[in-house]
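Input: a single structure, listed below in structure tokens.
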Amino acid sequence: RLYDKLYPASTTKLMTAYLALKYGKLEDMVTVTDSVTGFAIDEVVCGLYPGGQVKLYDLLCGLLLKSGNDCGVAIAEYISGSVEAFAELMNEEAKELGATGTHFVNPHGLHEDDHYTTAYDLYLIFNAAVQNDHFVKLISTKKYDASYMDASGAPVNVTWFNTNGYLKGT
């Protein structure tokens with residue numbers, strides 16, 4: 001069971017956050033592109049719009065607290081230029097961590113047949129991520145007040161609550 005192939009869903013975001021923290025700068029402003037749109041009504045998003053300016057730190061909060069798929073796409077494009085290039089980086093890093101039963105195709109975990117991992121590989125990825133103090137702080141945060149600019153330059157203020165049932169005590 002430890003090495004059985006499974007679909008990681010939002011646990012994919014662990015690798016996305018790991019790479020954002022490894023290759024990004026938390027204070028960098030990220031310009032949101034059209035790629036953050038087009039999610040289905042039942043897929044979790046943080047409400048980013050093309051042309052918006054969001055700090056990487058805020059994107060990480062949206063990714064890890066609210067599980068925002070749009071934040072994952074924005075991070076992928078910031079780090080690698082495209083979701084496809086970021087998925088390649090995810091796969092390279094997974095192999096470097098010893099996660100050889102894993103193959104990523106997106107930064108958020110929405111189902112695709114060729115997007116999979118194992119329980120053991122998730123352990124390896126999580127273990128690498130928790131070595132970063134910023135990651136530990138982020139996953140321990142119960143709520144975060146984000147502030148960013150929309151495409152017109154107007155401020156957007158929103159509060160994201162952590163959806164982790166263990167952290168919430170549920």
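This chain uses plain numbering: 1 for the first residue, then up along the sequence.
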Quiz item: Less than 6.0 Å separating the ring centroids of Tyr18 and Tyr23?
Solution: no
Exercise. For the pair Ser140 (side chain) and Val136 (backbone), establish whether a donor and an acceptor sit closer than 3.5 Å, ignoring hydrogens and angles.
Key: yes
Practice problem: For Pro107 and Thr16, work out which heavy atoms get closest and say how close. | Solution: O-OG1, 2.6 Å
Practice problem: Evaluate the side-chain proximity of Val30 to Lys55: yes if any heavy-atom separation is below 4.5 Å, no if none is. | Solution: no
Quiz item: Any chain of hydrophobic side-chain contacts (each under 4.5 Å) joining Leu89 to Leu122?
Solution: no
Quiz prompt | Full working for side-chain contact (heavy atoms from CB on, under 4.5 Å) between Asn69 and Leu110 | solution = CA-CA 8 Å; Asn69 295 312; Leu110 292 175; 4.0 Å; yes
Quiz item: Do Leu6 and Tyr116 have side chains that get closer than 4.5 Å, going by heavy atoms?
Solution: no
Quiz item: What residues, two or more places apart in sequence or in another chain, satisfy side-chain contact (heavy atoms from CB on, under 4.5 Å) together with Ile41?
Solution: none
Exercise. Measure the CG-OH distance between Leu14 and Tyr123 for me, rounded to the nearest 0.5 Å.
Key: 14.0 Å
Practice problem: Might you confirm whether atom NZ of Lys22 has over 12 heavy atoms from other residues, nucleotides or ligands at distances under 6.0 Å? | Solution: yes
Quiz prompt | Check: Glu93 side chain, Met90 main-chain N or O, donor-acceptor pair, under 3.5 Å | solution = no
Practice problem: Treating Ile, Leu, Val, Met, Phe, Trp and Tyr as nodes and any side-chain heavy-atom pair under 4.5 angstrom as an edge, say whether Leu138 and Phe126 lie in one connected cluster. | Solution: yes
Quiz item: Out of curiosity, does Phe161 fall in the hydrophobic cluster containing Val45 (side-chain heavy atoms, cut-off under 4.5 Å, transitive links)?
Solution: no
Exercise. Determine the minimum heavy-atom distance between Phe104 and Ala87, stating which atoms define it.
Key: O-CB, 3.8 Å
Self-check item: Val54 and Leu48, any side-chain heavy atoms less than 4.5 Å apart
Solution: yes
Exercise. Decide yes or no for Val83 and Ser35: does some side-chain heavy atom of the first lie under 4.5 Å from some side-chain heavy atom of the second?
Key: no
Quiz item: Taking C-beta and beyond as the side chain, do Val130 and Phe135 meet within less than 4.5 Å on heavy atoms?
Solution: yes
Quiz item: What about Leu63 and Ile139, same hydrophobic cluster or not, with Ile/Leu/Val/Met/Phe/Trp/Tyr joined at side-chain heavy-atom distances under 4.5 Å?
Solution: yes
Exercise. Would you please indicate yes or no on a ring centroid separation below 6.0 angstrom for Tyr120 and Tyr3?
Key: yes
Practice problem: Can you see which heavy atom on His111 is nearest to which on Asp113, and at what distance? | Solution: NE2-OD1, 3.0 Å
Exercise. Measure across His115 and Tyr7 and return the closest heavy-atom pair with its distance rounded to 0.1 Å.
Key: O-CD2, 3.1 Å
Exercise. Decide yes or no for Leu26 and Leu21: does some side-chain heavy atom of the first lie under 4.5 Å from some side-chain heavy atom of the second?
Key: yes
Quiz item: Which atoms form the tightest heavy-atom contact between Cys71 and Leu59, and what is the distance?
Solution: CB-O, 3.5 Å
Quiz item: Between Ser82 and Glu77, is any side-chain donor less than 3.5 angstrom from a side-chain acceptor?
Solution: no
Exercise. Tell me yes or no: between the side chains of Ser10 and Lys13, is some donor less than 3.5 Å from an acceptor?
Key: yes
Practice problem: Answer yes or no: is there a side-chain heavy-atom contact under 4.5 Å between Val156 and Met149? | Solution: no
Exercise. Take Lys25 and Tyr78, measure what side-chain contact (heavy atoms from CB on, under 4.5 Å) needs, and give me the verdict at the end.
Key: CA-CA 10 Å; Lys25 294 181 180 148; Tyr78 158 76; 4.3 Å; yes
Self-check item: Cluster link Ile75 to Tyr49, ILVMFWY, side chain under 4.5 Å
Solution: no
Quiz item: Do Thr159 and Tyr144 touch side chain to side chain, with heavy atoms closer than 4.5 Å?
Solution: no
Quiz item: Nearest 0.5 Å, what's the CD-CG distance between Gln53 and Asp58?
Solution: 12.0 Å
Quiz item: Could you give the distance from CG (Asp70) to SG (Cys46), rounded to the nearest 0.5 Å?
Solution: 5.0 Å
Practice problem: Determine the minimum heavy-atom distance between Leu64 and Asn162, stating which atoms define it. | Solution: O-OD1, 4.4 Å
Quiz prompt | Check: Tyr57 ring centre within less than 6.0 Å of His134 ring centre | solution = no
Practice problem: Could you grab the distance from atom NZ of Lys66 to atom SG of Cys61, nearest 0.5 Å is fine? | Solution: 13.5 Å
Quiz item: Within the side chain of Thr163, is there an N or O that forms a donor-acceptor pair under 3.5 Å with the backbone of Leu65?
Solution: yes
Quiz item: How long is the gap from CG on Asp121 to CG on Leu97, to the nearest 0.5 Å?
Solution: 9.5 Å
Quiz prompt | Straight-line distance of His103 NE2 to Lys5 NZ, nearest 0.5 Å | solution = 10.5 Å
Quiz item: Is it true that atom CG of Asp4 has more than 12 heavy atoms of other residues, nucleotides or ligands lying nearer than 6.0 Å?
Solution: yes
